[in-house]
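Below, all heavy atoms of this structure are taken into account, side chains as well, without hydrogens, waters or symmetry copies. Residue numbers begin at 1 in each chain, while the letters A, B, ... track the order of the sequences.
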Amino acid sequence: MSDRPVRTRIAPSPTGDPHVGTAYIALFNYVFAKQHGGQFLLRIEDTDQTRARRDSEKAIMESLHWLGLSWDEGPDVGGPCGPYRQSERRELYEKHAFELLERGEAYRCFCTPSRLNELRAYQKAANTPPGYDRLCRNLDREESDRRAAAGEPFVIRLKMPLEGDSVMVDGLRGEIRRSYRELDDQVLLKSDRFPTYHLANVVDDHLMGITHVIRAEEWIPSTPKHIRLYEAFGWEAPQWIHMPLLRNPDKTRSKISKRKNPVSLLFYKEYGVLPEALVNFLALMGFSFGNDVEKFTLEEMIGAFSFEKVSLGGPVFDLEKLVWLNGLYLREMSPQALLDAVQALWLNRAYFERIMPLVQERMRTLTDFVDLSAFFYNCALDYHTEDGKLMVPKGRTIEEMAALFEELVEAIDGMEDYNVENLEALLRRVTETRGWKTKDVFMPVRVAVTGRKATPPLFESMSVLGRERTRVRLRQAMAHLRALPPPQA
RNA sequence: GGCCCCAUCGUUCAACCGGUUAGGACAGCGGCCUUUCACGCCGUAAACAGGGGUUCGAAUCCCCUUGGGGUCACCA
């Protein structure tokens with residue numbers, strides 16, 4: 001153990017919406033660092049060139065700021081250990097990978113993806129444990145250098161010990177042992193010269209002086225690789241603390257996922273949850289303040305926090321309790337502050353300006369505006385109506401429509417730019433692939449998204465509602481349909 | 001499937017190093033307040049997964065079983 005000043009970090013991967021799990025882990029890193037007068041850093045792990053999304057990084061930073069979990073060092077504020085974006089540190093990882101190669105702690109692997117696929121297929125068929133067979137581990141150095149010089153593509157793999165146990169001490173669980181025999185020679189540097197998570201993460205944590213790695217439980221199985229990496233470099237390893245995983249509320253109890261639960265921080269913000277309430281609620285997941293106190297501020301949590309007060313069962317994210325807690329916060333605001341908050345969310349001029357052109361030609365009196373635009377503000381829609389029935393057109397089944405909504409939820413999530421053109425293209429595409437008529441898709445989607453059959457133009461409306469709320473409504477409509485009694489024959 | 005982690009009411013969090021009528025909160029139910037609803041208040045139901053040990057005594061320590069989860073990529 002060393003007496004280095006405490007430094008923690010949150011290291012999200014910008015591959016989608018800002019995730020509630022990211023906020024959850026960030027919270028504990030933040031609180032622990034602040035409690036010890038240390039620093040909390042933000043590092044963007046964007047080494048996956050195929051998945052990193054441009055706008056995602058920005059959304060993550062905005063969401064964490066919204067929650068009040070601000071960082072002392074990061075891509076936007078800089079700091080002594082920058083850059084804080086892994087894609088800007090590529091050469092560093094390459095250099096370190098080659099350093100391990102030189103020291104015999106790692107080796108070049110020339111195996112092709114197709115060979116590795118075959119290997120896996122064979123292992124699966126033969127029912128043997130999967131993993132790299134270490135074919136290239138014993139290539140002699142001359143041959144390795146020669147093939148690399150000839151331009152043959154390769155990756156660099158870490159040499160794991162063949163015998164013995166890897167021992168990690170987890171701050172919450174104590175000692176966790178694993179036999180090296182079941183540990184693979186992990187790829188450190190991909191053939192595109194970008195690092196894998198394992199290399200980049202360890203190199204950065206060391207270079208950035210991270211003392212406590214507080215991350216989700218799902219990382220426990222790969223910690224031996226990280227420990228080995230620290231050993232291979234001759235570096236002092238941080239303390240490992242693995243927090244329990246947030247779970248889905250349904251029967252599966254699997255780790256929280258966007259297919260089953262709203263996981264986007266944007267959702268909670270647009271739903272009207274106050275950041276203080278969300279932070280408080282997240283803190284309740286696994287942590288107990290003491291004396292049965294449930295409502296507390298970030299500041300108070302910093303005063304009371306200890307990992308001894310963290311329990312290990314995977315907590316289920318209970319939206320109902322979050323909403324109750326939020327109500328508590330709402331009620332203690334001054335009416336003025338509440339008005340400001342309500343206005344800032346949806347009842348603001350900028351938002352009105354987007355809606356006005358959509359409803360103008362349908363208005364006869366000024367007050368028509370309220371009725372015509374209500375669905376732009378409502379959160380939950382009521383589908384138990386005459387219009388709601390239009391979500392299942394004649395000749396289509398309930399399940400067909402639910403499946404359609406499900407597909408749209410996914411497609412909208414993956415949409416690069418969420419705009420009118422892409423929405424129209426998407427709806428036309430799903431209509432065509434099904435061989436349906438447009439009315440079989442457009443009206444049901446209209447009702448799902450707005451709750452009614454007479455609305456402003458569909459794509460424009462979806463665009464104004466935004467990606468997140470559109471998805472939520474489609475998902476709610478899907479759930480509504482699947483809960484319907486089966487039609488009589 | 002192998003390996004690893006976990007195990008208290010439906011959900012969440014308590015019960016310090018073994019001795020409690022197993023507690024709080026959300027949700028549920030009943031009631032009070034109230035023109036209504038909500039808030040608030042009062043009350044009620046609801047759990048130690050099972051089996052072995054250790055011990056005078058086990059929710060608490062150990063083992064096994066069961067259950068749940070995670071992980072086994074040139075993703076993080």
Selection from [options] that lies nearest to any side-chain heavy atom of [X]:
{"X": "A:M285", "options": "B:rU12, B:rC74, B:rA14", "answer": "B:rU12"}
{"X": "A:R178", "options": "B:rU12, B:rC4, B:rA76", "answer": "B:rC4"}
{"X": "A:E182", "options": "B:rG40, B:rC3, B:rC74", "answer": "B:rC3"}
{"X": "A:T196", "options": "B:rC74, B:rC26, B:rG40", "answer": "B:rC74"}
{"X": "A:P315", "options": "B:rA25, B:rU12, B:rC74", "answer": "B:rU12"}

**Study point:** Lys/Arg-Asp/Glu bridge criterion (N-O < 4.0 Å) met for A:D205, A:R43
**Key:** yes
Check your understanding: Looking at A:E102 and A:R141, does any basic side-chain N land under 4.0 Å from a carboxylate oxygen?
Key -> yes
Nucleotide forming a Watson-Crick or wobble pair with [N], both distances under 3.5 Å:
{"N": "B:rU71", "answer": "B:rG2"}
{"N": "B:rU44", "answer": "B:rG28"}
{"N": "B:rU66", "answer": "B:rA7"}
{"N": "B:rG57", "answer": "none"}
{"N": "B:rC33", "answer": "none"}

Review point. Just by protein heavy atoms under 4.0 Å, how would nucleotides 41-50 of chain B read 5' to 3' in B, S and -?
Key: ----------
Which is true for [X] with a 4.0 Å heavy-atom rule: it touches a base, it touches only sugar-phosphate, or it touches nothing?
{"X": "A:T15", "answer": "nothing"}
{"X": "A:R157", "answer": "sugar-phosphate"}
{"X": "A:G286", "answer": "sugar-phosphate"}
{"X": "A:V316", "answer": "sugar-phosphate"}
{"X": "A:P195", "answer": "sugar-phosphate"}

Review point. Is A:S144 reaching over with its side chain to a backbone N or O of A:D140, donor-acceptor style, under 3.5 angstrom?
Key: no
Listed partners of [X] passing ring pair (Phe, Tyr, Trp, His ring centres under 6.0 Å), at least two apart:
{"X": "A:W66", "value": "none"}
{"X": "A:W346", "value": "A:Y351"}
{"X": "A:Y30", "value": "A:F40"}
{"X": "A:H96", "value": "A:F233, A:W235"}

Write down the distance between [atom1] ([X]) and [atom2] ([N]), rounded to a whole number of angstrom.
{"X": "A:N291", "N": "B:rG23", "atom1": "CG", "atom2": "C1'", "value": "12 Å"}
{"X": "A:E308", "N": "B:rC13", "atom1": "CD", "atom2": "P", "value": "17 Å"}
{"X": "A:D205", "N": "B:rA76", "atom1": "CG", "atom2": "P", "value": "15 Å"}
{"X": "A:I227", "N": "B:rC4", "atom1": "CD1", "atom2": "C1'", "value": "13 Å"}
{"X": "A:M168", "N": "B:rC3", "atom1": "CE", "atom2": "P", "value": "17 Å"}

Between [X] and [Y], do the side chains contain an N or O donor and an N or O acceptor separated by less than 3.5 Å?
{"X": "A:Y84", "Y": "A:D204", "answer": "no"}
{"X": "A:D48", "Y": "A:T15", "answer": "no"}
{"X": "A:N280", "Y": "A:Y329", "answer": "yes"}

Under 3.5 Å between N/O atoms: give me all the protein pairs with nucleotides 65-72 of chain B, atom names plus distance.
residue	atom	partner	partner atom	Å
B:rG69	OP1	A:T252	O	2.5
B:rG70	OP1	A:K255	N	3.1
B:rU71	OP1	A:E218	OE1	3.3
B:rU71	OP1	A:K255	NZ	2.8

Practice item. Return the set of residues passing salt bridge (Lys or Arg N to Asp or Glu O under 4.0 Å) with A:D382 (not counting sequence neighbours), or none when no residue passes. Key: none
Point to revise | A:R247: partners by salt bridge (Lys or Arg N to Asp or Glu O under 4.0 Å), with sequence neighbours left out | key: none
Integer angstrom distance from the [atom1] of [N] to that of [M]:
{"N": "B:rA59", "M": "B:rU8", "atom1": "P", "value": "15 Å"}
{"N": "B:rC26", "M": "B:rC39", "atom1": "C1'", "value": "16 Å"}
{"N": "B:rU34", "M": "B:rC29", "atom1": "P", "value": "23 Å"}
{"N": "B:rC64", "M": "B:rA25", "atom1": "C1'", "value": "35 Å"}
{"N": "B:rU20", "M": "B:rA47", "atom1": "C1'", "value": "15 Å"}
{"N": "B:rG23", "M": "B:rA15", "atom1": "P", "value": "14 Å"}
{"N": "B:rA76", "M": "B:rG70", "atom1": "C1'", "value": "15 Å"}
{"N": "B:rU12", "M": "B:rC17", "atom1": "P", "value": "22 Å"}

Before we go on, tell me: are the rings of [X] and [Y] under 6.0 Å apart, centre to centre?
{"X": "A:Y197", "Y": "A:W219", "value": "yes"}
{"X": "A:F317", "Y": "A:Y268", "value": "yes"}
{"X": "A:F32", "Y": "A:H36", "value": "yes"}

Check your understanding: Applying salt bridge (Lys or Arg N to Asp or Glu O under 4.0 Å), which residue pairs with at least one partner in residues 295-315 of chain A are found, sequence neighbours left out?
Key -> A:K295-A:E332
Practice item. Would you list the pairs meeting salt bridge (Lys or Arg N to Asp or Glu O under 4.0 Å) in which at least one residue belongs to residues 168-177 of chain A, sequence neighbours left out? Key: A:D165-A:R177, A:D170-A:R173, A:R173-A:E217, A:E175-A:R177
Exercise for review: Check whether any side-chain nitrogen or oxygen of A:K190 sits under 4.0 Å from OP1 or OP2 of B:rC75, and answer yes or no.
Suggested key: yes
Review point. Is any side-chain nitrogen or oxygen of A:S311 closer than 4.0 Å to OP1 or OP2 of B:rU12?
Key: no
**Study point:** RNA chain B contacts among residues 83-106 of chain A, heavy-atom distance under 4.0 Å
**Key:** none
Output one line per pair: protein atom, nucleotide atom from nucleotides 27-33 of chain B, and distance, for all N/O pairs under 3.5 Å.
none

